[in-house]
Amino acid sequence: MSSKIFVAGATGATGKHVVQMMLDKGNSVVAVARSKDKMASLLKEKDYGDRLHIHEASLLDLSDDELATLTKDCTAVVSCLGHNMSFSGLWGKPRQLVTDAVRRLTSAMPTSAKFILMGSDGVQQPYDPIRPASERTILFLLRYLVPPHADNEGAAAYLNDHKDFAWSVVRPTNLVDADEASGKYDIFEKSEVSLFGSETVSRADVAHFMVELMTNKKTFETWKHKMPVVIGKKPEQNDEL
């Protein structure tokens, strides 16, 4: 059975995979992008008919009524928003891009919809193991010196305080690029790897897991109101399969 989803950050390195995978599965997608042409150029086909609606705008520039209209009838709302890795992206406005987007989207979306946020394994949760003192020091400095980290923490805290709707936050480890998802990754409830470890996961595999959360009821129920950590399998692990 096909469904309709909403994607913010649709032209991003992970968001574009989410859009493509959901379209490949026969679903309908409402994508918010600053450029329709860029969104279209990232997809395999030129025309998906009425299964793809690209709304050209910056998300936070949309009114609450516009967000409610765009998310109407959606079974899932996904945010892959993030700050650009540039001076203005890191230290310029909006400094609370992710947190403000989470607040507004979850208020506007249907009450029956799932909300899925792409976060970071640098965002600690109360049930995570205590990190070494050196890593705690780095995270403390990031919180006060690098606004995007505080923004990601704020978004996670907002969701943790709101259990009246269904949500899950996907926390990938170090991200790398890949054209296609391998499907070879592990999901953990807690962040147990080093902040400076060698573990990686492709953005395509992160998108693959986010799509699983949207399309597989059992998977979503497992991770509802949780913040799973996604880590790619190492080559030697893949060879053993």
Side-chain angles (χ1 to χ4, degrees), residues 1-84 94 96-119 155 158-159 162 164-170 181 203-217 219-220 223-224:
M1 181 178 176
S2 63
S3 58
K4 178 183 175 184
I5 70 155
F6 174 97
V7 182
T11 58
T14 303
K16 65 179 182 181
H17 290 293
V18 173
V19 173
Q20 186 66 69
M21 290 177 192
M22 290 301 286
L23 289 171
D24 287 346
K25 287 180 174 287
N27 297 291
S28 297
V29 176
V30 177
V32 172
R34 290 177 179 172
S35 168
K36 284 187 177 182
D37 290 341
K38 181 178 180 180
M39 181 76 259
S41 71
L42 295 171
L43 300 174
K44 294 177 182 177
E45 300 177 17
K46 293 183 178 180
D47 186 8
Y48 287 90
D50 60 3
R51 290 199 299 115
L52 174 63
H53 172 66
I54 304 172
H55 190 85
E56 194 171 62
S58 293
L59 185 89
L60 295 184
D61 289 341
L62 297 172
S63 69
D64 292 341
D65 287 343
E66 287 174 313
L67 288 175
T69 298
L70 289 169
T71 59
K72 183 181 179 181
D73 299 326
C74 288
T75 58
V77 171
V78 180
S79 175
C80 294
L81 286 170
H83 296 258
N84 293 326
Q96 291 188 311
L97 168 67
V98 180
T99 304
D100 288 346
V102 167
R103 287 175 177 153
R104 296 191 59 206
L105 285 171
T106 55
S107 295
M109 72 184 192
T111 56
S112 59
K114 308 167 185 173
F115 183 78
I116 300 170
L117 173 67
M118 181 177 171
Y158 179 83
L159 291 174
H162 292 77
D164 52 328
F165 55 87
W167 56 261
S168 181
V169 179
V170 177
R203 292 175 173 86
D205 277 331
V206 175
H208 183 275
F209 178 58
M210 296 176 84
V211 168
E212 279 293 301
L213 287 170
M214 285 184 275
T215 60
N216 188 311
K217 183 178 180 180
T219 300
F220 186 79
W223 300 110
K224 179 181 175 181

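Basis for what follows: all heavy atoms, side chains included, without hydrogens, waters or symmetry-related copies.
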Let me see the working for Val19 and Met39 under side-chain contact (heavy atoms from CB on, under 4.5 Å), right down to the final yes or no. CA-CA 9 Å; Val19 173; Met39 181 76 259; 4.2 Å; yes
Could you please spell out the steps behind the side-chain contact (heavy atoms from CB on, under 4.5 Å) verdict for Val29 and Tyr48? CA-CA 10 Å; Val29 176; Tyr48 287 90; over 6 Å; no
Under the 3.5 angstrom rule, does the side chain of Arg51 hit a backbone N or O of Asn27 as a donor-acceptor pair? yes
Test item: Pro110 and Asp73 side chains (from C-beta on) under 4.5 Å apart, heavy atoms: no
With a 3.5 Å distance limit and no angle check, can you tell me whether Lys25 reaches the backbone of Ser3 through a side-chain donor-acceptor pair? no
Give, for atom CZ of Phe115 and atom SG of Cys74, the distance between the pair rounded to the nearest 0.5 Å. 12.5 Å
Reference residue Phe209; test side chain to side chain contact (heavy atoms under 4.5 Å, CB included); the match among Val211, Val206, Leu213: Leu213
Under the side-chain contact (heavy atoms from CB on, under 4.5 Å) criterion, do His53 and Leu70 qualify, and how do the steps go? CA-CA 9 Å; His53 172 66; Leu70 289 169; 4.1 Å; yes
Check whether Trp167 reaches the backbone of His162 with its side chain - one donor and one acceptor, N or O, closer than 3.5 Å. yes
Under a 3.5 Å distance rule, please check whether Arg104 uses its side chain to pair with a backbone N or O of Leu62 as donor and acceptor. yes
Can you tell me how far apart CE (Met210) and CZ (Arg203) are? Round to the nearest 0.5 Å. 13.0 Å
Contact summary for Ala8 and Leu105, nearest pair of heavy atoms: CB-CD1, 4.3 Å
Shortest non-hydrogen contact from Leu59 to Ala101? CD2-CB, 3.5 Å
Might you point out which heavy atoms bring Cys80 and Met118 nearest each other, and give the distance in Å? CA-CB, 4.2 Å
If you look at every heavy atom in Arg34 and Ser58, which pair is closest and at what distance? NE-OG, 3.3 Å
Is there a side-chain contact (heavy atoms from CB on, under 4.5 Å) between Thr215 and Met22? Walk through the geometry before answering. CA-CA 9 Å; Thr215 60; Met22 290 301 286; 4.0 Å; yes
Please confirm whether the backbone N or O of Lys38 pairs with a side-chain atom of Ser35, one donor and one acceptor, at under 3.5 Å? yes
CD1 (Ile5) and CE (Met21) are apart, to the nearest 0.5 Å, by 11.5 Å
Looking at every heavy atom in both Ala33 and Thr11, which two are closest together, and how far apart are they? CB-CG2, 3.6 Å
Nearest 0.5 Å please: distance from the NZ atom of Lys46 over to the CG atom of Leu52. 15.0 Å
If you take all heavy atoms of Lys44 and Gln20, which pair is closest and at what distance? N-OE1, 2.9 Å
Got a second to check how far Met109's CE is from Leu67's CG, nearest 0.5 Å? 12.0 Å
Is a donor on one side and an acceptor on the other found under 3.5 Å between the side chain of Ser168 and the backbone of Trp223? yes
I need the single residue from Leu117, Val169, Leu97 that forms a side chain to side chain contact (heavy atoms under 4.5 Å, CB included) with Val102. Which is it? Leu117
Ser63 side-chain N/O to Glu66 backbone N/O, donor-acceptor pair under 3.5 Å: yes
Measuring from atom NZ of Lys114 to atom CE of Met214, what distance do you get when rounded to the nearest 0.5 angstrom? 9.0 Å
